[in-house]
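Computed from heavy atoms alone, side chains included, the values below leave out hydrogens, waters and symmetry copies.
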Amino acid sequence: MSTPRATVSCPTCGLEERFSKLADARLRIEEHRAETGHDPDWELGRFPPGVERMGDEAGVCGVNVDGDR
């Protein structure tokens with residue numbers, strides 16, 4: 001696998017998985033919530049400086065689980 005972009009972990013059950021794609025990590029978080037009712041966390045890895053700067057300027061990076069826009 002390439003360099004991990006995100007690590008998903010759950011303090012409740014000890015789940016810890018690494019992902020090279022953020023979309024896969026977000027999906028795993030939602031799957032784990034649906035399957036167990038737990039609230040896992042994720043830790044993002046390092047990104048190229050331009051990507052980090054754009055993220056800082058945009059504010060929040062994530063998924064809208066309610067589906068509202």
Side-chain angles (χ1 to χ4, degrees):
M1 175 171 30
S2 60
T3 303
R5 291 287 189 207
T7 301
V8 174
S9 59
C10 179
T12 305
C13 69
L15 168 77
E16 185 168 314
E17 295 180 28
R18 290 174 178 74
F19 297 88
S20 59
K21 295 181 180 180
L22 295 181
D24 293 341
R26 287 194 304 251
L27 286 173
R28 183 62 179 120
I29 287 171
E30 294 311 314
E31 288 172 355
H32 192 69
R33 284 181 179 147
E35 292 169 356
T36 65
H38 298 166
D39 192 21
D41 296 317
W42 68 347
E43 182 178 326
L44 301 180
R46 296 287 303 178
F47 290 89
V51 174
E52 287 185 356
R53 186 171 51 256
M54 293 297 289
D56 287 343
E57 290 175 7
V60 178
C61 175
V63 65
N64 183 344
V65 296
D66 295 328
D68 296 336
R69 293 190 182 256

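- Residue Cys10 holds its SG atom at 11.0 Å from CD of Glu16, rounded to the nearest 0.5 Å.
- The distance from atom CG of Asp41 to atom OG1 of Thr7, rounded to the nearest 0.5 Å, is 11.5 Å.
- The only option from Asp24, Leu44, Leu22 that meets the side-chain contact (heavy atoms from CB on, under 4.5 Å) definition with Arg5 turns out to be Leu22.
- Within 6.0 Å of the CD atom in Glu43, the count of heavy atoms belonging to other residues, nucleotides or ligands does not exceed 12.
- Taking both residues in full, the closest heavy atoms of Pro11 and Asp39 are given as CD-O, 4.4 Å, listed atom of the first, atom of the second, then distance.
- Two residues are said to be in side-chain contact when any heavy atoms from C-beta on lie closer than 4.5 Å; His32 and Leu15 meet this criterion.
- No side-chain heavy atom of Arg26 sits less than 4.5 Å from a side-chain heavy atom of Phe19.
- Paired with Arg33 under the rule salt bridge (charged side-chain N to carboxylate O under 4.0 Å, His left out), one option of Glu31, Glu30, Glu35 passes, and it is Glu30.
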